[in-house]
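Working notes, beginning with the structure itself.
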Protein chains: 2
Amino acid sequence: MAKKQTPQSTQICDSSAVRLPDDQSAVGLSKLAWAVAHPARVRIVRLLIGRTSCVCGEIVEEITLAQSTVSQHLKILKESGLIQGEVDGPRVCYCINREKLTEFKELVAGLE
Amino acid sequence: MAKKQTPQSTQICDSSAVRLPDDQSAVGLSKLAWAVAHPARVRIVRLLIGRTSCVCGEIVEEITLAQSTVSQHLKILKESGLIQGEVDGPRVCYCINREKLTEFKELVAGLE
DNA sequence: ATCGTCTATCGTCGATTTGCGATAGAATGA
DNA sequence: TCATTCTATCGCAAATCGACGATAGACGAT
């Protein structure tokens with residue numbers, strides 16, 4: 001793969017000036033990726049995607065972790081914007097934020 | 001959004017049985033997401049994607065971090081499979097692993 | 001008003017991450 | 001051979017994460 005094509009020069013690699021997306025975009029992508037950078041959070045996201053509406057503490061039963069730990073993961077996902085939580089009486093229903101999910105998908109798909 | 005439709009019942013949320021992808025898939029996605037869950041690593045990935053072939057320690061100049069830190073990030077990316085490194089004389093050229101990148105894209109795109 | 005349920009938060013612990021300088025190894029060039 | 005260059009690795013310190021139990025707050029039901 002374009003290796004050792006110039007035995008004497010220092011131009012071994014492709015030195016073309018690449019226009020990188022601004023750093024802000026990298027931060028945005030990294031934050032969304034980070035939200036999903038844990039198996040439990042991937043499972044939660046998929047669970048919420050699979051439901052037509054939203055789910056409450058049922059997530060705790062689906063994910064084999066302590067309730068407080070699941071709540072922590074939910075908080076992380078909520079802070080990333082990927083999910084939203086609505087208080088509904090004594091419980092809280094979580095839903096996927098389709099817009100954020102689409103944004104994440106587009107950022108990843110844009111890696112090319 | 002389907003809130004408070006049943007005032008007396010416990011059936012507030014959509015309790016349909018959702019078939020989740022196996023846990024292995026969640027682990028795979030989380031690992032790839034984790035590789036990109038840092039702005040510097042996003043920048044490195046984008047840099048390598050932008051180049052036709054590969055790059056060496058030039059990455060260190062592009063990323064405003066110490067050489068040892070960049071090397072650490074490169075190691076993480078390499079372990080995730082997203083990039084590959086080839087020793088070429090005194091330097092090391094890194095390339096994007098298109099297959100892994102595609103796998104990542106598909107996993108993210110499959111979130112629906 | 002009180003009880004039971006559901007959820008978020010606090011505090012804690014160990015493990016991991018992130019960043020750096022210093023250093024060791026490999027390879028090239030003089 | 002020797003000096004130089006490039007990269008990976010080794011500590012090290014600070015910060016953060018991940019998991020848990022305990023607890024507090026909110027709400028509905030009795």
Side-chain angles (χ1 to χ4, degrees), chain A residues 3-13 15 26-27 30-31 33-44 47-48 54-80 83-95, chain B residues 3-13 15 23 26-27 30-31 33-44 48 54-80 83-95:
Chain A
K3 196 176 76 166
K4 286 185 181 170
Q5 76 271 36
T6 54
Q8 89 296 355
S9 157
T10 57
Q11 282 297 100
I12 294 176
C13 299
S15 299
V27 172
S30 66
K31 282 185 178 175
W34 160 240
V36 170
H38 190 287
R41 294 200 288 271
V42 171
R43 288 174 60 86
I44 292 173
L47 180 62
L48 293 181
C54 54
V55 190
C56 9
E58 220 170 354
I59 300 170
V60 176
E61 297 184 19
E62 194 70 38
I63 313 295
T64 57
L65 287 172
Q67 177 265 325
S68 57
T69 306
V70 172
S71 194
Q72 270 287 58
H73 286 306
L74 288 170
K75 185 181 181 183
I76 290 173
L77 285 171
K78 206 162 44 177
E79 285 173 351
S80 79
I83 74 173
Q84 295 168 317
E86 278 187 61
V87 177
D88 181 20
R91 26 203 122 194
V92 179
C93 280
Y94 287 96
C95 316
Chain B
K3 195 177 76 164
K4 286 185 179 169
Q5 75 272 34
T6 53
Q8 88 296 353
S9 157
T10 57
Q11 282 297 98
I12 295 174
C13 300
S15 298
D23 206 49
V27 172
S30 65
K31 282 185 179 174
W34 154 233
V36 170
H38 190 289
R41 295 200 289 270
V42 171
R43 288 174 60 85
I44 292 173
L48 293 181
C54 55
V55 190
C56 9
E58 221 171 353
I59 301 172
V60 175
E61 297 184 18
E62 194 71 37
I63 313 293
T64 56
L65 287 172
Q67 178 266 324
S68 58
T69 305
V70 172
S71 194
Q72 269 287 57
H73 285 306
L74 287 170
K75 185 181 180 183
I76 290 173
L77 284 171
K78 206 162 44 174
E79 285 173 350
S80 79
I83 73 173
Q84 294 168 318
E86 278 188 60
V87 176
D88 181 19
R91 29 202 119 193
V92 178
C93 282
Y94 286 95
C95 316

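Numbered from 1 within each chain, the chains take letters A, B, ... in sequence-line order. Bear in mind the structure is a predicted one, so any value in this text is a computation, not a measurement.
The two residues B:Gly89 and B:Val87 make their nearest non-hydrogen contact at O-CG1, 3.7 Å. Looking at every heavy atom in both residues, A:Val42 comes nearest to A:Val36 through CG2-O, 3.1 Å. Nearest approach of A:Ile59 to A:Tyr94, heavy atoms of both residues: CD1-CD1, 4.3 Å. Across all non-hydrogen atoms, the minimal contact from A:Glu62 to A:Arg43 is O-NH2, 3.6 Å.
As rounded to whole Å, 14 Å separates atom C1' of C:dG21 from atom CG of B:Leu65. In this structure, A:Ile63 places its CD1 atom 14 Å from P of C:dT7, rounding to the nearest Å. C:dT18 atom C1' lies 14 Å from atom CG of B:Leu77, rounded to whole Å. Nucleotide D:dA13 holds its P atom 17 Å from the CD atom of B:Gln72, rounded to whole Å. Atom CD1 in B:Ile44 sits about 13 Å away from atom P in D:dT7, given to the nearest Å. Whole-Å rounding puts the A:Ile59 CD1 to C:dA8 C1' distance at 14 Å. Counting to the nearest Å, the C1' atom of C:dT7 and the CD atom of A:Glu58 are 15 Å from each other. In this structure, the NZ atom of A:Lys75 is 13 Å from the P atom of D:dT16, given to the nearest Å.
Projected onto DNA chain D by closest heavy-atom contact, B:Ser68 and A:Ile76 fall at different nucleotides, the more 5' of which corresponds to B:Ser68. Judged by closest nucleotide on DNA chain C, B:His73 is the one of B:Gln67 and B:His73 placed further toward the 5' end.
Direction of the helix axis in the helix from C:dA1-D:dT30 to C:dA30-D:dT1 shifts by 20° between the two five-pair termini, rounded to 10°.
Taking only side-chain atoms of A:Arg91, from C-beta outward, the nucleotide of D:dG18, D:dC20, C:dT7 with the closest atom is C:dT7. Here the nucleotide nearest the side chain of B:Trp34, chosen from C:dT18, C:dA8, C:dC20, is C:dT18. With distances taken from any side-chain atom of A:Val92 to the nucleotides C:dA27, C:dT7, D:dG28, the minimum falls on C:dT7.
Of the side-chain N and O atoms in B:Thr69, one or more sit less than 4.0 angstrom from OP1 or OP2 of C:dC20. One finds no side-chain N or O of A:Tyr94 lying less than 4.0 angstrom from the OP1 or OP2 phosphate oxygen of C:dC6.
Under the 3.5 Å distance criterion, the side-chain polar atoms of A:Arg41 are matched with a main-chain donor or acceptor of A:Ala35. No donor-acceptor pair closer than 3.5 Å links the side chain of A:Ser71 to the backbone N or O of A:Ser68.
Contact of the B:Lys78 side chain with the B:Leu74 side chain is not registered, since no non-hydrogen atoms from C-beta on lie closer than 4.5 Å.
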